[in-house]
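To start, the structure under review is shown below, and the notes come after it.
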Amino acid sequence: MRLYNSLTKRTETFEPKREGIIDIYVCGPTVYNYIHIGNARPVVFFDVVRRFFEHMGYTVNFVSNFTDVDDKIVTKALEDETDEMTIANRFIEAFYRDVERLGSTTKYLAPRVTEHMSAIIDYIDRLVRSGYAYERNGNVYFRVSEIPDYGMLSGRRVEELMEGARVSVEAEKENPLDFTLWKRVEEGVTYPSPWGEGRPGWHTECVAMIEEIFGGHIDIHGGGTGLMFPHHENEIAQHRAVHGHPIANYWMHNGLLNIDQQKMSKSEGRVILVKDLDYDYMGFRLFTLNTHYRAPIDYSDETLTNHVNDWQKIKRTYAQTFYRLDLAEKLDRNGSFDSRLNRIYHNFIEAMEQDFNTPNAITELHNLTKYANQKLREKDTFPQMRAAVELFDTFFRVLGLDPRVRRLTQNDRALYHAWTEARQHKEYERADAIREKLQERGII
RNA sequence: GGUCCCGUAGCCAAGUGGCUAAGGCAAUGGACUGCAACUCCGUGAUCACCGGUUCGAAUCCGGUCGGGACCUCCA
């Protein structure tokens with residue numbers, strides 16, 4: 001398995017800390033709104049990462065958090081005249097609904113910041129005691145100058161950051177680059193701490209939860225490119241301060257999703273929410289996976305339509321192969337893998353092992369589709385068709401695609417036989433009426 | 001001002017030094033069919049431009065043009 005490591009900027013051979021087990025953490029959403037299709041990208045991609053590792057026999061401990069304490073949630077609660085917990089719960093539920101729509105599994109550990117507040121406060125306290133952080137008027141800041149290679153992940157040097165005209169200037173900070181660990185606040189929910197009532201900054205939650213859940217050192221840390229700076233940079237700094245070693249062996253960052261060549265922007269009305277997507281979600285999933293995860297994706301209706309069509313063809317082929325076998329009572333037989341199918345499987349795995357080259361993996365899905373369609377037109381190919389269905393099932397499981405094809409009912413069979421009979425007797429009007437029903441159900 | 005990424009057929013996209021530059025969508029010709037749909041077979045690229053390195057470059061280096069991101073919350 002080869003993985004591009006954002007930390008070292010090179011493709012490396014992946015080796016987990018423990019034989020056969022992979023600990024992975026992906027930064028999750030701040031739950032103050034419905035997620036948009038850009039947020040959907042890591043939801044889909046890291047789901048595929050997990051699925052592929054599981055296919056390869058690994059046990060994957062997958063954790064992705066919910067940020068349910070944040071200024072934006074406080075603002076939203078004030079707007080809606082309710083409390084933060086209500087807002088968070090509402091959007092966590094909505095998040096799970098969207099994740100399911102996208103075909104990603106919801107069965108993973110999803111810790112909430114509110115459930116780990118004492119761990120977060122304790123973490124900050126240790127940073128203060130060891131001199132890596134300092135308190136000013138109820139605010140706590142991280143002392144960036146204590147970390148010599150600060151900026152290594154995002155490829156920035158401290159001097160460059162200092163020169164940036166837009167670095168925020170807060171008088172009480174020792175250094176403009178110092179970031180907030182704890183914030184004294186007047187408005188919204190607060191928590192008691194050694195520095196008074198307030199709320200934690202955003203950057204400590206992930207490291208504190210990783211420490212509490214995994215013991216402080218994981219295999220893979222994932223997230224969107226947009227989080228590299230400053231969030232992940234700050235995670236690295238804090239973890240380095242407390243533990244003296246890197247928090248994760250591999251960092252994986254997915255590229256962003258733009259709309260019409262530009263970044264999604266709420267203020268400019270260029271946002272598409274997952275729940276409002278008026279397309280087949282499996283087609284959308286295929287669309288995101290058809291570009292390598294590190295490259296940016298440019299969304300347009302035309303491009304998405306391309307992949308929705310792709311998916312329809314794949315799904316149709318699968319369904320027809322499946323139903324043909326079902327009608328012939330051959331679904332329970334064993335498949336026969338010929339050299340062509342073996343090569344398709346082999347190429348698929350090879351593509352995935354090459355830093356999750358899902359576009360090339362999808363090419364093999366197309367090759368399989370062609371194979372199945374060819375077998376459908378040839379005589380006496382049930383064993384090969386059966387093998388194709390098995391391989392489809394494997395690819396679908398790894399990529400998280402679901403054609404929603406189930407075994408035929410008695411009614412479906414009767415309909416099919418009636419159609420065949422009508423055609424044999426050249427009763428075309430009746431045959432066409434039945435055909436329409438069969439097509440509606442995707443059986444032919 | 002500083003840092004960085006990208007430009008492959010109408011559209012999406014893989015390939016990052018070496019066989020005829022994968023694959024899909026769209027288009028188009030043919031086959032199959034009672035008609036149709038589906039499907040199958042076939043058809044498409046001086047790899048933005050200019051120069052350099054090399055026996056050899058889409059791939060490396062320099063420049064030009066074009067697009068975008070980050071340095072502030074951001075998947």
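Each chain gets a letter, A, B and so on, in the order the sequences are listed, and its residues count up from 1.
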Within the 4.0 Å heavy-atom criterion, would you say Leu257(A) contacts the bases, only the backbone, or no part of the nucleic acid? base
### Query
Is any NZ, NE, NH1 or NH2 atom of the basic residue among Arg413(A) and Asp326(A) found under 4.0 Å from an Asp or Glu carboxylate oxygen of the other?
yes
| said: Taking the ring centre of each residue, are Phe287(A) and Tyr279(A) less than 6.0 Å apart? | reply: no
Whole-angstrom distance between rU3(B) and rC19(B), as gauged at atom C1' = 40 Å
Taking atom C1' in both rC11(B) and rG17(B), what distance in whole Å separates the two?
29 Å
Of the listed rA75(B), rC40(B), rC12(B), the closest approach to the Asn39(A) side chain comes from rA75(B)
- Establish, with yes or no, whether the OP1 or OP2 oxygen of rC40(B) is under 4.0 angstrom from a side-chain nitrogen or oxygen of Asn373(A). yes
Does a side-chain heavy-atom distance below 4.5 Å link Val274(A) with His36(A)? no
Met264(A) atom CE is separated from rC70(B) atom P, nearest whole Å, by 13 Å
Query raised in the report: Under 4.0 Å between a side-chain N/O of Lys72(A) and OP1 or OP2 of rC73(B), yes or no?
Result: no
Glu350(A) atom CD is separated from rA14(B) atom C1', nearest whole Å, by 14 Å
Separation of rC12(B) atom P from Leu289(A) atom CG, nearest Å, is 18 Å
Write down the distance separating the P atoms in rA45(B) and rG51(B), rounded off to the nearest Å.
-> 23 Å
How about Leu376(A) and Met385(A): do any of their side-chain heavy atoms sit closer than 4.5 Å?
yes
Ranking Ser154(A) and Leu256(A) by the position along RNA chain B of their nearest nucleotide, the one closer to 5' is Ser154(A)
Is the distance from OP1 or OP2 of rC12(B) to the nearest side-chain N or O of Asn309(A) less than 4.0 Å?
no
Separation of rA14(B) atom C1' from Glu353(A) atom CD, nearest Å, is 18 Å
Looking only at rA75(B), rA14(B), rC11(B), the nucleotide nearest the Asn357(A) side chain is rA14(B)
Next on the checklist: Does Arg435(A) contact rA36(B) through a side-chain donor or acceptor facing the base, at a distance under 3.5 Å?
Outcome noted: yes
Heavy-atom nearest pair, Ile213(A) first then Pro111(A), reads CD1-CG, 3.7 Å
Winner on side-chain proximity to Phe229(A), out of rC71(B), rU39(B), rC12(B), is rC71(B)
- request: Look at Lys370(A) and rC41(B) and indicate whether a side-chain polar atom (N or O) is within less than 4.0 Å of OP1 or OP2.
  value: yes
Cation-pi check for Tyr34(A) against Lys275(A): NZ or CZ below 6.0 Å from the six-membered ring centre and within 45 degrees of the axis, yes or no? yes
What is the nucleic acid contact for Arg377(A), judged by heavy atoms within less than 4.0 Å: base, sugar-phosphate only, or nothing? base
*Identify whether any heavy atom of His36(A) sits under 4.0 Å from a base atom; if not, whether one sits that close to sugar-phosphate; answer base, sugar-phosphate or nothing.*
base
note: Tyr32(A), atom OH; rA75(B), atom P; distance rounded to Å ~ 7 Å
When rounded to whole Å, the CG to C1' distance for the pair Asn367(A) and rU39(B) reads 16 Å
With the side chain defined as heavy atoms from C-beta on, Arg316(A) is closest, among rA69(B), rA14(B), rC38(B), to rC38(B)
- Query: Expressed in whole Å, how much space separates the C1' atoms belonging to rC35(B) and rG42(B)?
  - Reply: 25 Å
Open item on the list: Between rG7(B) and rU43(B), how far apart are the two P atoms, rounded to whole Å?
Closed with: 28 Å
_Under 4.0 Å from OP1 or OP2 of rA36(B): is there any side-chain N or O of Gln439(A) that close?_
no
Taking atom types as they are modelled, would you say the side chain of Asp432(A) forms a donor-acceptor pair with the base of rG34(B) within the 3.5 Å cutoff? yes
Please classify the nucleic acid contact of His231(A) as base, sugar-phosphate, or nothing, using heavy-atom distances under 4.0 Å. nothing
RNA chain B nearest-nucleotide lookup for Gly223(A) and Ala431(A): closer to the 5′ end is Ala431(A)
task = Determine: side-chain N/O of Lys183(A) to OP1/OP2 of rC73(B), distance under 4.0 Å, yes or no.
result = no
With the side chain defined as heavy atoms from C-beta on, Lys313(A) is closest, among rA14(B), rC40(B), rC12(B), to rC40(B)
Taken to the nearest whole Å, CG/Leu376(A) to P/rA37(B) is 18 Å
Phe348(A) atom CZ is separated from rA14(B) atom C1', nearest whole Å, by 15 Å
*asked:* Counting C-beta onward and ignoring hydrogens, is there a side-chain heavy-atom pair between Gln384(A) and Leu341(A) closer than 4.5 Å?
replied: no
Spacing of the C1' atoms in rA58(B) and rU46(B) (rounded, Å):
12 Å
Suppose you measure atom P in rA26(B) against the same atom in rG66(B); what distance do you get, rounded to whole Å? 35 Å
(Q) Distance check, P atoms only: rG56(B) and rG10(B), in whole angstrom units. (A) 30 Å
Can you see if the side chain of Arg423(A) gets near the phosphate of rG34(B) - specifically, an N or O under 4.0 Å from OP1 or OP2? no
Side-chain contact check for Pro359(A): nearest option of rA14(B), rC11(B), rC73(B) is rA14(B)
Check for me whether Arg294(A) meets the cation-pi criterion with Tyr4(A), that is, NZ or CZ under 6.0 Å from the six-membered ring centre and within 45 degrees of the ring axis. yes
Picking from rC11(B), rA75(B), rC70(B), the nucleotide nearest the side-chain atoms of Lys263(A) would be rC70(B)
